2 protein chains.
Amino acid sequence: MKHRPTIRDVARKAGLSLSTVSLVINNRGYVSPETRESVLKVVRELSYHPTRSARGLASKTSGNIGFILSEEHFSQAEPFYTRIFLGTEFEARIHNFYILLTTVGDQFDPDQYVPRFLLERNVDGIIIAGKVSEKLISYIDSLGLPIVLVDYEMKRALHSAVLIDNWRGGTLAVEHLLALGHRRIAFLGGDIRHPSLSERYAAYKNTLNQAGVHLDETFEITEEKATSVAGGTSAAERLFASGANPTAIFAVNDAMAIGCVRHLKSRGMRIPHDVAIVGFDDIDMSAHIEPRLTTVRVFKEEMGKIAVQRVVDSITAKTNIVVTTHVPVELIVRESTVSAAHADD
Amino acid sequence: MKHRPTIRDVARKAGLSLSTVSLVINNRGYVSPETRESVLKVVRELSYHPTRSARGLASKTSGNIGFILSEEHFSQAEPFYTRIFLGTEFEARIHNFYILLTTVGDQFDPDQYVPRFLLERNVDGIIIAGKVSEKLISYIDSLGLPIVLVDYEMKRALHSAVLIDNWRGGTLAVEHLLALGHRRIAFLGGDIRHPSLSERYAAYKNTLNQAGVHLDETFEITEEKATSVAGGTSAAERLFASGANPTAIFAVNDAMAIGCVRHLKSRGMRIPHDVAIVGFDDIDMSAHIEPRLTTVRVFKEEMGKIAVQRVVDSITAKTNIVVTTHVPVELIVRESTVSAAHADD
DNA sequence: ACTTGGTATCGAAACGTTTTGATACTACAC
DNA sequence: GTGTAGTATCAAAACGTTTCGATACCAAGT
């Protein structure tokens, strides 16, 4: 447990001042090439590395990025946000940052609970995934920390955001069903207050309208409490209980689509023969269920990556330019809309 | 952006010294109840919170735990280790630690690359998931940091470890197949150098032996390069290409089992009618494929949780007692061994 | 000759805590 | 009344960096 070298040791051995060594290490200010080289040489010889805490104290930076996720999304270990999170981990390492994860409840009260990394001044910027209290966002603003929103958007765009192209995704999904000849297309949705979900819903209605297809309200389930597998099952139940007889279903996300599939199978309905289904998100599971699910692929890791790039930009550049990125989506056609073995028919 | 209060402000307002305030905050040393109360009152009034960097510098602690994962496991976003990681995140928050994630390559050379959080003295303890270079482990030891291994074990148990009860899991799986009347039971395995996998293999052989079932070498695939879905497909191909005709297969993990299922289905074989399959791990996907996979459930989040508890113990207690925990497993019987609709037969 | 501005280096202060050692009081046993 | 052990508080040092301002040199522009 030998004493590890400090910047002081480096300075002494190089015959220079602390300040000069610091300048070299941080690649800042004026240093002659020869001096720089000799410092670096000593650094190598001693295998010196600056300590994060000391650096943090002096420079008021932490080298960390905070990732905030709503409690429900985290505890369910939601495959969707989990992927985004892993994407940030990946990209963060490239930029020499670490990600600190925390969760927050639905409503935020600064007198009650504040993420610890904010109190301890232990992050340089914040990534928020999904929907959280607006109070929380303005609280963080008041700390002067840069924020990047992922899969969430506020009325007035004051923050950089990384968004899914939900409109295009919804349109692609419904157009796909229309192209297959479907006209009685149902929508299975949940909490429409979440911007992503309401956009998908809007795209659904718009696409049908454009195609001149009559909109039937009994075909729309928009108030299911949870957009989960269980929610999908219960929404499907309600849909058919209402007497609707769609030939195709657009589910607001894959979790609901999978729940829906399960319900249809339990009723003995064949997919896609009796009812075709399209989901949204392309979570891992979707390619593995039977039938494999047609869906709109969202590049989740990519979203995390972009979010980190944005927040790092804001941290380093100090300039607060707001960038909204719409990450493109892709329709993945699988067996839940187009039968693999056409022999079925 | 008003100046946030420091411990100095608290001391001044409370009419006490820095040291006393520090003692109160850290709940240490002798402080009279009245003094403690008056300090806490001021802390509340100013809503003071100590800064992580300053605290870290003075106390040589970071409040972080390092999580090390091999590169391949991370980049594949392996659902197995990902779950363990999420388990640590969950538990870490309870103990007021943050998790810093990093990955390492297969071979470790301290002159080449060392995880940044080690160089920067930015972690108080380390959790290592899966198999990594032993050189890395001894390097970390030389830094005096406590280590907890998860799903990995070294010959001489010098570190606390959180392990799967692979022996019992493998035994349960094979006994299940025997109880169903199977005698020609194949094993699909990969890199047997990983302790977890070799234990499962050993349990397989032992259980068959105990049951007096002849071991047929052509029934054993133990050298598949990757224990992934693709590896499972290719292992299954090789198994049947060799002319083996098992009625049941025990795959070393769910990923391989799923790959195997895929291959069997492409050959037109019915599961479990023609061949029954058991996996290991119970990853999310397993309950959703067709047929739903019988498997040995591993409590992945739980393993992460325990790992954090162990490492926090070592960090706070300073005592280096080695604890090896075998997390129990559970056989989950699903359709890949027992037909749901018995009408099939 | 006198500014000006860029280059190079340094000393000292600052960052906000924890920790160490000293001091002083009280209570109790002898 | 002296010694001992526990209780309570404090002043100062230490932790390892970055940053600020000062100094000094040199070359070029007037």
Side-chain angles (χ1 to χ4, degrees), chain A residues 1-40 42-43 46-63 96 116 119-122 124 316 318, chain B residues 1-40 42-43 46-63 96 116-117 119-122 124 315-316 318:
Chain A
M1 214 90 58
K2 46 185 178 250
H3 192 269
R4 292 220 230 168
T6 75
I7 197 174
R8 196 159 262 114
D9 300 320
V10 175
R12 189 175 311 125
K13 182 155 180 188
L16 291 162
S17 71
L18 295 192
S19 349
T20 305
V21 175
S22 178
L23 291 178
V24 170
I25 288 168
N26 294 290
N27 223 344
R28 209 194 310 270
Y30 296 115
V31 180
S32 76
E34 306 81 48
T35 307
R36 153 163 285 113
E37 254 325 303
S38 77
V39 168
L40 291 178
V42 175
V43 165
L46 299 180
S47 74
Y48 163 77
H49 283 277
T51 299
R52 186 65 256 179
S53 308
R55 190 174 260 209
L57 179 57
S59 68
K60 297 178 172 314
T61 69
S62 67
N96 278 354
R116 194 163 48 87
L119 298 175
E120 295 180 335
R121 243 138 305 168
N122 203 12
D124 303 334
T316 53
K318 294 285 183 200
Chain B
M1 214 90 58
K2 50 191 172 238
H3 192 271
R4 292 221 230 168
T6 74
I7 196 174
R8 196 157 262 115
D9 299 321
V10 176
R12 189 175 310 126
K13 183 155 181 190
L16 292 161
S17 70
L18 294 192
S19 349
T20 304
V21 175
S22 178
L23 291 178
V24 170
I25 287 168
N26 294 289
N27 222 345
R28 210 195 309 270
Y30 296 114
V31 180
S32 76
E34 306 80 49
T35 306
R36 153 163 287 112
E37 253 327 303
S38 78
V39 168
L40 291 178
V42 175
V43 165
L46 298 179
S47 73
Y48 162 77
H49 284 276
T51 299
R52 184 68 254 179
S53 307
R55 188 174 262 212
L57 179 57
S59 67
K60 299 175 170 314
T61 68
S62 66
N96 277 353
R116 196 162 47 88
F117 54 51
L119 298 174
E120 294 179 335
R121 242 137 308 167
N122 203 10
D124 301 334
I315 291 170
T316 54
K318 292 288 185 199

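Bear in mind that the values here come from a model prediction, so they are computed numbers and not experimental data.
Residues that satisfy the side chain to side chain contact (heavy atoms under 4.5 Å, CB included) test with A/T6, not counting sequence neighbours, are A/H3, A/R8, A/D9. Residues passing the side chain to side chain contact (heavy atoms under 4.5 Å, CB included) test with B/S17, sequence neighbours excluded: B/S19, B/T20. For A/A54, the side chain to side chain contact (heavy atoms under 4.5 Å, CB included) criterion is met by A/T51, B/L57, not counting sequence neighbours. Among residues two or more places apart in sequence or in another chain, the side-chain hydrogen bond (donor to acceptor under 3.5 Å, both in side chains) test is passed with A/S53 by none. Remark: B/R121 engages no residue in a side-chain hydrogen bond (donor to acceptor under 3.5 Å, both in side chains) (not counting sequence neighbours). B/I25 is linked by a side chain to side chain contact (heavy atoms under 4.5 Å, CB included) to B/I7, B/V21, B/Y48, B/P50, B/R55, counting only residues two or more places apart in sequence or in another chain. Taking A/S47 as the reference, nothing meets the side-chain hydrogen bond (donor to acceptor under 3.5 Å, both in side chains) condition, with sequence neighbours excluded.
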Polar atom pairs between nucleotides 5-8 of chain D and protein, under 3.5 Å, N or O only, would you list them?
residue: D/dT7; atom: OP2; partner: B/Y30; partner atom: OH; Å: 2.8

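For the pair B/E34 CD and D/dT9 C1', the interatomic distance rounds to 13 Å; values are reported in whole Å. Atoms CD1 (A/I25) and P (D/dT17) sit 7 Å apart, rounded to a whole Å.
At the heavy-atom level, A/S59 lies under 4.0 Å from the strands shown only through sugar-phosphate atoms.
Residues of residues 48-56 of chain B that place a heavy atom closer than 4.0 Å to DNA chain C, in numerical order, are B/Y48, B/H49, B/P50, B/T51, B/A54, B/R55. Interface residues of residues 5-15 of chain B facing DNA chain C, ordered by number: B/T6, B/I7, B/R8; criterion, heavy-atom separation under 4.0 Å.
Recorded end-axis angle for the helix from C/dA1-D/dT30 to C/dC30-D/dG1 stands at 50°, based on five pairs per end and rounded to 10 degrees.
The span of DNA chain C lying next to chain B, judged by atoms under 4.0 Å from heavy atoms, is bounded 5' to 3' by C/dG16 to C/dT19.
Note on B/T20: a side-chain N or O is less than 4.0 Å away from OP1 or OP2 of D/dC10.
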